Participant: 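I am attaching a structure below and will ask some questions about it afterwards.
These numbers come from a predicted model, not from an experiment.
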Amino acid sequence: QVQLVESGGGLVQAGGSLRLSCAASRRPFSTYAMGWFRQAPGKVRKFVAAISQSGGTTYYGDFVKGRFTISRDNAESTVYLQMNSLKPEDTAVYYCATSVGYLRSSNYDDAGFYGYWGQGTQVTVSS
């Protein structure tokens, strides 16, 4: 079983930046594809970004539009989500997730592809 712990959330003004981190407890971390999802109150969980085991392939949700960057440090067993130009509509609980499967264009945004989830970190963007 993999334990994931997110951090880095908080309150930020519109236009600001945050960097989320997600540390995994199980190694080798490099065998896991990683993803970020978010869920706003009363809404369904939505895909944000994903990164392959090597870090060579990334996917983003349409709403990201160049504002967010996902990256990973396999030596530190950590995945990051750099979020810039934040908007009030980015307010949500952000979850990281992992899968032992291979990231493909057919599965990267499917929550069912990911077997383990973190507890989430709150991001609040004020206007």
Participant: Would you kindly confirm whether Val64 and Phe47 end up in one hydrophobic cluster when ILVMFWY residues are joined by side chain heavy atoms under 4.5 Å apart?
Facilitator: no
Participant: Hey, mind stepping through Ile51 and Thr57 against side-chain contact (heavy atoms from CB on, under 4.5 Å) and telling me if it holds?
Facilitator: CA-CA 6 Å; Ile51 189 167; Thr57 300; over 6 Å; no
Participant: Are Tyr114 and Leu20 linked, directly or through other ILVMFWY residues, by side chains that come within less than 4.5 angstrom of each other?
Facilitator: no
Participant: Would you kindly say whether Asp73 and Thr78 are connected by a side-chain donor-acceptor distance under 3.5 Å?
Facilitator: no
Participant: Taking Gly120's backbone N and O only, do any of them form a donor-acceptor pair with Glu6's side chain (distance below 3.5 Å, no angle check)?
Facilitator: yes
Participant: Identify the heavy atoms of Gln39 and Ala92 that sit nearest to each other, and give their distance.
Facilitator: O-CB, 3.4 Å
Participant: If every non-hydrogen atom of Leu4 is compared with every non-hydrogen atom of Cys22, which pair is closest and at what distance?
Facilitator: CB-SG, 3.8 Å
Participant: Are the side chain of Asn74 and the backbone N or O of Gln53 linked by a donor-acceptor pair below 3.5 Å?
Facilitator: yes
Participant: Give a yes or no on this: more than 12 heavy atoms of other residues, nucleotides or ligands lie within 6.0 Å of atom CZ of Phe63.
Facilitator: yes
Participant: Salt bridge check: are Asp90 and Arg67 linked by an N-O gap of less than 4.0 Å?
Facilitator: yes
Participant: Has Arg38 got its NZ or CZ under 6.0 Å from the middle of the six-membered ring of Tyr95, at an angle within 45 degrees of the ring axis?
Facilitator: no
Participant: Is the backbone of Lys46 close enough, under 3.5 Å, to the side chain of Asp109 for a donor and an acceptor to pair up by distance?
Facilitator: no
Participant: Apply side-chain contact (heavy atoms from CB on, under 4.5 Å) to residues Tyr102 and Asn107 and explain how you reach the verdict.
Facilitator: CA-CA 9 Å; Tyr102 285 97; Asn107 64 19; over 6 Å; no
Participant: State whether Tyr80 and Arg19 meet the cation-pi test: NZ (Lys) or CZ (Arg) under 6.0 Å from the six-membered ring centroid, and within 45° of the perpendicular axis.
Facilitator: yes
Participant: Is there a side-chain contact (heavy atoms from CB on, under 4.5 Å) between Tyr59 and Ser52 once you walk through the steps?
Facilitator: CA-CA 9 Å; Tyr59 296 98; Ser52 63; over 6 Å; no
Participant: Do side-chain atoms of Ser99 reach the backbone of Phe113 as a donor and acceptor pair under 3.5 angstrom?
Facilitator: yes
Participant: Ignoring hydrogens, what is the shortest heavy-atom contact between Ala49 and Leu81? Give both atom names and the distance.
Facilitator: CB-CD1, 4.1 Å
Participant: If the test is ring pair (Phe, Tyr, Trp, His ring centres under 6.0 Å), which one of Trp36, Phe37, Tyr94 qualifies with Trp117?
Facilitator: Phe37
Participant: Taking all atoms of both residues into account, what is the closest heavy-atom pair of Ala14 and Ser127, and its distance?
Facilitator: CB-CA, 4.4 Å
Participant: When you group the ILVMFWY residues by side-chain heavy-atom contacts below 4.5 Å and let the links chain together, are Tyr108 and Phe68 in the same group?
Facilitator: no
Participant: First locate atom OG1 of Thr69, then atom CG of Asn84, and finally report the distance between them rounded to the nearest 0.5 Å.
Facilitator: 6.5 Å
Participant: State the CE-OG1 distance between Met34 and Thr98, to the nearest 0.5 angstrom.
Facilitator: 4.5 Å
Participant: When you group the ILVMFWY residues by side-chain heavy-atom contacts below 4.5 Å and let the links chain together, are Leu11 and Val93 in the same group?
Facilitator: no
Participant: Looking at every non-hydrogen atom in both residues, tell me the closest pair between Ser17 and Ser85 and how far apart they are.
Facilitator: OG-N, 4.4 Å
Participant: Drop me the distance from Tyr116's OH to Cys96's SG, to the nearest 0.5 angstrom.
Facilitator: 13.5 Å
Participant: Do Leu86 and Val48 belong to the same hydrophobic cluster, where Ile, Leu, Val, Met, Phe, Trp and Tyr are linked whenever their side-chain heavy atoms lie under 4.5 Å apart, directly or via other members?
Facilitator: yes
Participant: Check this for me: Gln3, atom CD, are more than 12 non-hydrogen atoms of other residues, nucleotides or ligands nearer than 6.0 Å?
Facilitator: no
Participant: Between Val2 and Tyr32, what is the shortest heavy-atom contact and its length?
Facilitator: CG2-OH, 3.4 Å
Participant: Thr91 side chain to Val125 main-chain N or O, any donor-acceptor pair under 3.5 Å?
Facilitator: yes
